[in-house]
Number of protein chains: 2
Amino acid sequence: MHSAIILLICAGAVFLVSGDPVSEGDGVHPRSPRVKRAPGDSERDCTATPPYIPPTAKDTTDLLRRLRQGMQSSAYFAGSIQAYIIPAGDAHLSEYISERDQRRAFISGLSGSSGTAVVTNDGSGGGKAAVWTDSRYFLQAEQQLDCNWILMRQYEEGVPTIVEWLVSELGPGGRVGIDPHLVSISTWQGYADPLEADGKVLIESSGGNLIDAIWDDRPPPSTAPLITQGLNYTGKSWEDKITDIREKMSEQNADALVLTKLDEVAWLVNLRGSDVPFNPVFFAYAIVTANTAVLYLDTNKVTDDVRSHLRLGCTTGVSCVQVEAYDTLLSAVEALAADSGIRKIWISSASTTYAVFSKVPESKQILDASPVMKMKSKKNAVEQQGLKNAHIRDAVAKCEYLMWLEDAVPRGSVTEISGADYLQQLRSRQRDYMGLSFAAISASGPNGAVVHYRPSEETNRPITTSDVYLIDSGGQYKDGTTDVTRTVHFGQPTDYQRETYTLVLMGAINEFLQVFKQGTFGIRLDQAARAPLFSYGLEYGHGTGHGLGSFLNVHEDPYFRGTEGVPVGEEGTFITIEPGYYEDGQFGIRLETLAMVKEADTKYNFNGRTYLTFEPVTLVPFQEKMIKFDMMNENQLTWLNDYHRKVRETIGPELQRQGKNDVYDWLMKNTQSFETSRISSGAKAASSVFLLAIAAMCSVFST
Amino acid sequence: MHSAIILLICAGAVFLVSGDPVSEGDGVHPRSPRVKRAPGDSERDCTATPPYIPPTAKDTTDLLRRLRQGMQSSAYFAGSIQAYIIPAGDAHLSEYISERDQRRAFISGLSGSSGTAVVTNDGSGGGKAAVWTDSRYFLQAEQQLDCNWILMRQYEEGVPTIVEWLVSELGPGGRVGIDPHLVSISTWQGYADPLEADGKVLIESSGGNLIDAIWDDRPPPSTAPLITQGLNYTGKSWEDKITDIREKMSEQNADALVLTKLDEVAWLVNLRGSDVPFNPVFFAYAIVTANTAVLYLDTNKVTDDVRSHLRLGCTTGVSCVQVEAYDTLLSAVEALAADSGIRKIWISSASTTYAVFSKVPESKQILDASPVMKMKSKKNAVEQQGLKNAHIRDAVAKCEYLMWLEDAVPRGSVTEISGADYLQQLRSRQRDYMGLSFAAISASGPNGAVVHYRPSEETNRPITTSDVYLIDSGGQYKDGTTDVTRTVHFGQPTDYQRETYTLVLMGAINEFLQVFKQGTFGIRLDQAARAPLFSYGLEYGHGTGHGLGSFLNVHEDPYFRGTEGVPVGEEGTFITIEPGYYEDGQFGIRLETLAMVKEADTKYNFNGRTYLTFEPVTLVPFQEKMIKFDMMNENQLTWLNDYHRKVRETIGPELQRQGKNDVYDWLMKNTQSFETSRISSGAKAASSVFLLAIAAMCSVFST
């Protein structure tokens, strides 16, 4: 798991688990007390005279002036608006955003994945500007914002929500503008309904995005080429996928399906791209009907290779796909809405923007999870093998890295950043490597307790023999995406570190030992991974794991929190199992192992049913010195030994094949069988006693 | 668990767990093949000439004629209706229905808890009549229905739903009538919406219930007296409860709260009654506002005792309660709806009838779980102690029964019914006994596999030394409600019976060993109880447990399936833990033990948080001969020994106090410590080997 998922998983899971939000980022960025900053300091001080603004802050005075001019103009909205909301998202509600879509960062100066800006306009060129972000970015905000901006410390007591603030700032009949391409249906409604209840109104821009209009040096659209994925990687042609989709549409009585998620479109047509960081996707939409399938994308990207892959010459028959310009999607949706032959249009309830949603009249809407979401998560045999293969090569790089650290760390030469860089190098030498699947969380000591951590020049720490080191990283390979976390110590861990590591490991193993039914949703399987920590009065504040794509996004459904949509209980589903423990200001532990859902080998089969369980796909050893074996039960120890046997039997030959004999030796040493049970240790203890007894008794007998 | 809960729990849980319904009642009532019945048979044969109708069937010809006359008249509906739906419920959507409310049974002849009748009217006095029921009642239906009725075998392939049937039977513009007092909001909408989509309409009766109008010998309303519950039982005065309610209302900005569930009203005013079987409730509603609290009930029941309990003389102050006639509730709701001083009216989303719901304009509705639901489930210290005390006395009766069976069964003198009757006698001798909390499930051999089973003269089997015997029963005591299941064998159980019993026991123990967070919902804790069975490829098709009242209903929130509403993770919550296993046609196993949620004793407390766990409240031994100890792990064995120690230390003294020395001896014998772990047996084995070794070696030394 890494930074960007925290909001996605943690925010969700924390509320599911406890109802009380856990602040993740407190370890590195102490939240309080807020002391006044002196000139020369790295943080702004807007109460000083004159206000102190650090050199890292962006001067937004002129930008805000121009933005308010736009709010006043009727070129963007029908009539002027008194407030403008600038969300962090893109038109596909992506987790990773391209540089070109970083509108909130551009206008406020605050970079980072989370945050929404709101600018008001008092009609005379003035007004306020505020940005809401969570505790991960509080320090960064004080460094990057100038004094035009109010920092709204989200979820802190007394801090208003965006709507509460708008209600207090705007007069009766206040008009709030927003770009409907950048918000989900529920986000829109979350703003619109309470504003309306307060006599104000949320309005969608009709003349484009106000930020884009003042963004003079906005990066141009990506021209990165498309990559075709053959059957050897996908296991299923796009024609067959479209046939499957049409079956699902027919079950739902849907005449059209609009796909807006980038990974769903990429999966459907077996194409990949590199328009956003880390995710091998490209900007596109798709609309499928019973007879047509249209792809909306930058047509310049349709090379001969892509043309041939999509058989673009084809003009008749249901297996023909057409290509249209990216920005004609909305008018195509409007045409469907107006077409009397189209009774129902299926749009994804979770991932459709308000812009698309609002073009489909309610009577024609089928608002439900996209069928691709579910189909994509259940990998076919080719994808399964690809993911396994990618994880074998990825494990080679990871083992090589851990071995190298054992040697380099005691010599004091490695930092979080240089370590992560070296790991990237190692990965890049593996076959079919296509890049990282996310920016590595390479975290030493207290930085490991910052769940979202990503090392920067300011936070970079050496990896030492007196700290716990957590490395959460992954790669993109043509045959699969990887994401793995191991936590290690290169000196002598404390008893408490070993105890908590063992509880986390026991949680992971408990999860792997689950047997469950077809169709089981994630929420039912979450407690198992948390139980060992809970029984010690400890816990972690993030999700237990996430699905992962087949050379696609590192985060996709299902999660260990779902109650509907994509179940975990489906053969061929891949999901990470990643419990953790975070001791604020001290250390962090996370053990993340990818699992594949497969049929369980059970003694019976009630009413002929099959049961499911998890098979480990990530094959990287757990560090023996961190484990307190006496805390584990026999089943857990047996699983651990079986796992290490599988690691040595699978990764060992690959290491030999690659001629990495030193890593092979390291692996053999680090995957030896641990004592198999406490019975044997009990028996051993007993036998020593008895040997002493023999000696004593015999001396009696023989006298 | 017993019959009535199956629909409630099982239907829910089965869908949550697997999405595929499990038919519960197949063991006793084989569903197919349907052979034609010969005259003289116990089941009807409507294809015979003339149709064969068994003497157990009700002749409904005249009733249906009169009902259709009513459907034609304008006295009940504005204009005639073409179909009339007769639900099984009462005006409080109760689980247990009074005789007077058994309208579906009256019109069709089909008794039983589940089923909905629909009668159509072709305008000339004719039409069809159909009754929908589930597999538990298929056989019974063939015995009780005459040939006027179509039996709709619910959930079977090809059987239409009520709406599908209405759509196919009625012409365009068809009008369907229903009594809005007998259906929930969601049931109403489940009928109304698809009918409307098909151009038909659901209409509420304006002139009363059509069945009541033709029910000449309808039982009169209950005149059972009210019982006042003092502070020694409730731990909180009704005045304080109303104060708490008003606080919740204020948090929700609700100006009025309408309570329609019988147990919620009874809990609120600390009164009990006996208007429906098994549940100590009385017909009443309540409306609470900031200044008033009005009880709607049969004012004849307001004796001097009740008057004094409710301080009915009181006329000023917020702690005054008023009493109004039961049937003035609707007009009171209408008055609230019309009152401009009342902005919001809180009605329970799950338990309000459409009749009440439709009187509250949408702008005034707060549709949410009733606050009483949550407050009632968290027992205060007095209620906790009361429930524990009731379970001690209940355990005396249960142990007495099990001991008696051990002696009586081999003599061949006990049947399911006579056994249950004797158990009832034993319970009735305990202090503060107020009746059964449900009709006992006393099930021998294959009858135990029928989860809803309740012995009748036709199904009654002897309890023998060659069958598994399952007894699920409970009592009402002034200080608490009980519900306990134990499964025993009075001969030699098979290895498979012992294996499955042990898996069920391991599931129960796993659940007791859970440690979890405040606010945890039931669904997160469900897998733990199922896991041992799943790992063997086995399962049960019902819920894992339910909340239970303090001398109130035997079923209340929370359940091990909830995702919102009442959490399990709240100190003082009582919930049964009752995994099971059912081998169709062979035997059934269920082990039901009431648990109280309490603070867990953990080594650490993350961020000062407290964690929760389950304490057993039911204290009745598990049968040693049914347990395969070698399948259990150390933690499970330790729990089991601790449990039996608690049983002997708690129930033992009570047995002595009651002078039941024979039962005391039985209990001591049946709660001995089992071997504590496999280590000790391993060590024992080891020590024998070593003793032999000593002998051998010493003989060598000494030569």
Side-chain angles (χ1 to χ4, degrees), chain A residues 16-20 22 499 513-521 523-528 530-531 533-539 563 567 569 581 584 600-607 609-611 613 633-635 678-680 682-683 685-687 689-691 693-694 697-702, chain B residues 16-20 22 499 513-521 523-528 530-531 533-539 563 567 569 581 584 600-607 609-611 613 633-635 678-680 682-683 685-687 689-691 693-694 697-702:
Chain A
L16 280 167
V17 174
S18 70
D20 58 343
V22 173
E499 186 179 39
L513 290 173
Q514 293 301 301
V515 177
F516 47 93
K517 292 179 74 171
Q518 168 107 9
T520 297
F521 284 102
I523 196 171
R524 295 185 156 270
L525 301 172
D526 193 46
Q527 166 82 4
R530 299 178 191 269
L533 283 161
F534 281 159
S535 70
Y536 274 65
L538 301 174
E539 60 183 79
T563 56
Y581 179 71
D584 210 19
D601 179 25
T602 55
K603 182 171 179 184
Y604 305 109
N605 287 86
F606 185 74
N607 283 2
R609 291 179 196 166
T610 60
Y611 295 83
T613 191
N633 68 30
E634 267 181 74
N635 288 343
R678 276 170 287 175
I679 292 180
S680 57
S687 67
V689 170
F690 278 102
L691 286 175
I694 290 167
M697 290 171 77
C698 291
S699 66
V700 172
F701 280 123
S702 53
Chain B
L16 281 166
V17 172
S18 69
D20 58 344
V22 174
E499 186 179 38
L513 290 173
Q514 293 300 301
V515 177
F516 47 94
K517 292 179 72 171
Q518 168 109 9
T520 298
F521 283 103
I523 195 171
R524 295 187 156 270
L525 301 172
D526 193 46
Q527 166 82 4
R530 299 178 192 269
L533 283 162
F534 280 159
S535 70
Y536 274 65
L538 301 174
E539 61 182 79
T563 57
Y581 179 71
D584 210 18
D601 179 25
T602 55
K603 182 171 179 183
Y604 305 110
N605 287 85
F606 186 75
N607 282 1
R609 292 179 197 165
T610 58
Y611 295 82
T613 192
N633 68 30
E634 268 182 72
N635 287 344
R678 275 168 290 174
I679 293 182
S680 58
S687 66
V689 170
F690 279 104
L691 286 176
I694 290 168
M697 291 171 77
C698 290
S699 66
V700 171
F701 280 124
S702 54

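Here the structure is a predicted model, which is why all the values come from computation and not from measurement. All values below come from the heavy atoms of this structure, side chains included, with hydrogens, waters and symmetry mates left out.
The shortest non-hydrogen separation linking Leu538(A) to Tyr611(B) is C-OH, 4.0 Å. The two residues Gln527(A) and Arg524(B) come nearest to each other via the heavy atoms CB-O, 3.2 Å.
Atom-to-atom distance recorded for Phe534(B):CZ and Phe516(A):CZ is 10.0 Å, nearest 0.5 angstrom. Note that the CD atom of Glu499(B) and the NZ atom of Lys603(A) stand 3.5 Å from one another [nearest 0.5 Å].
For chain A, no part of Leu533(B) is nearby; none of its heavy atoms comes within less than 4.5 Å. Of the two parts of Leu513(A), neither the backbone nor the side chain holds a non-hydrogen atom closer than 4.5 Å to a non-hydrogen atom of chain B.
Looking at Glu539(A) and Arg609(B), their side chains come closer than 4.5 Å, going by heavy atoms from C-beta outward.
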